[in-house]
Participant: 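Take this structure first; my questions come after.
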Amino acid sequence: MKTFFVQIKCDLGKSYEVASALADAEIASEIYSTAGNYDLLAKFYVDDEEDVGHFVNEKVQHLPGIKDTFTVVTFRAF
């Protein structure tokens, strides 16, 4: 399994709607509200064979209310 995080910038006033849509889609293992340049931080797991870029493009970025994303791919947990 690959683990990665996606920081999500939402349209103004849409953070709760985006978080709800992510939760309803059941694709994120954890979703957090954050302060700073991005509004949400979501943790995802995909199979080793699955492409992270395609996953984010097809399953995350198309959700209504998302303005921008920043993906952080992880390599090893300590």
Side-chain angles (χ1 to χ4, degrees):
M1 295 291 278
K2 293 181 203 172
T3 305
F4 63 96
F5 296 84
V6 178
Q7 294 177 302
I8 301 168
K9 187 179 292 185
C10 303
D11 292 330
L12 291 176
K14 299 295 183 183
S15 296
Y16 287 96
E17 291 175 30
V18 172
S20 237
L22 272 173
D24 290 345
E26 297 181 351
I27 56 173
S29 66
E30 299 173 47
I31 305 165
Y32 297 94
S33 178
T34 60
N37 292 330
Y38 291 87
D39 303 302
L40 301 171
L41 175 67
K43 183 178 184 180
F44 299 91
Y45 294 98
V46 294
D47 291 329
D48 288 330
E49 304 80 37
E50 191 159 3
D51 183 88
V52 171
H54 282 127
F55 179 92
V56 172
N57 185 55
E58 295 166 8
K59 298 192 177 173
V60 178
Q61 291 177 338
H62 79 281
L63 294 173
I66 292 181
K67 187 174 189 173
D68 190 19
T69 62
F70 181 81
T71 303
V72 179
V73 178
T74 61
F75 299 103
R76 181 179 174 174
F78 294 93

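Numbering of residues begins at 1 and proceeds along the displayed sequence. Only a predicted model underlies this, so the values are computations on that prediction, with no experimental measurement involved.
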Participant: Is a side-chain donor or acceptor of K2 paired with a backbone partner of E50 at a separation under 3.5 angstrom?
Facilitator: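 Yes; judged by distance alone, with no hydrogens or angles, the pair exists.
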Participant: Students often mix this up, so state it plainly: with edges at 30° and 60°, are the rings of F44 and F55 parallel, tilted or perpendicular?
Facilitator: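 Perpendicular: the ring planes of F44 and F55 meet at over 60°.
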Participant: Using every non-hydrogen atom in the two residues, find where T69 and Y38 come nearest and quote the distance to one decimal.
Facilitator: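 Between these two residues, the closest heavy atoms are C-CE2, 4.2 Å.
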Participant: What's the spacing between F75 CZ and F4 CZ if we round to 0.5 Å?
Facilitator: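 Spacing of CZ (F75) from CZ (F4) equals 13.0 Å.
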Participant: Measure from the side-chain N and O atoms of D47 to the backbone N and O of E49, and report whether any donor-acceptor pair falls under 3.5 Å.
Facilitator: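 Answer holds: no.
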Participant: Considering non-hydrogen atoms only, spot the tightest contact between A42 and L22 and give its length.
Facilitator: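 Minimum heavy-atom contact is CB-CD1, 4.2 Å.
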Participant: I need the D24 CG to E17 CD distance, nearest 0.5 Å.
Facilitator: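 If we round to the nearest 0.5 Å, D24:CG and E17:CD are 11.5 Å apart.
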Participant: Taking S29 for its side chain and K43 for its backbone only, find out whether a donor-acceptor pair lies under 3.5 Å.
Facilitator: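 Pair found, side chain donor or acceptor close to backbone of K43.
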Participant: Would you give the length of the straight line joining atom CG of L41 to atom CZ of F5, rounded to the nearest 0.5 angstrom?
Facilitator: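 Going from CG on L41 over to CZ on F5, the span is 6.5 Å.
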Participant: Mind checking the CD1-CD spacing from I8 to Q61? Nearest 0.5 Å is all I need.
Facilitator: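 I8 atom CD1 to Q61 atom CD measures 9.5 Å (nearest 0.5 Å).
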Participant: Tell me if the CD atom of E58 is crowded by more than 12 foreign heavy atoms within 6.0 Å.
Facilitator: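 Counting neighbours around CD of E58, more than 12 heavy atoms of other residues, nucleotides or ligands fall under 6.0 Å, so yes.
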Participant: Compare every heavy atom of A21 with every heavy atom of L63, then report the nearest pair and how far apart it is.
Facilitator: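 Residues L63 and A21, closest heavy atoms: CD2-CB, 4.3 Å.
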Participant: Are any non-hydrogen side-chain atoms of T71 and V52 less than 4.5 angstrom apart?
Facilitator: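 The answer is yes; the side chains approach within 4.5 Å.
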Participant: If I compare all heavy atoms of C10 with all of L40, which pair ends up nearest, and what's the gap?
Facilitator: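 Answer, listing the atom of C10 first, then L40: SG-CD1, 3.9 Å.
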Participant: Does any N or O in the side chain of D39 come within less than 3.5 Å of the main-chain N or O of K9, such that one atom is a donor and the other an acceptor?
Facilitator: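 Here the side-chain-to-backbone pair does not exist.
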Participant: How far apart are the closest heavy atoms of I66 and V60, and which atoms are they?
Facilitator: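 Closest heavy-atom pair between I66 and V60: CD1-O, 3.2 Å.
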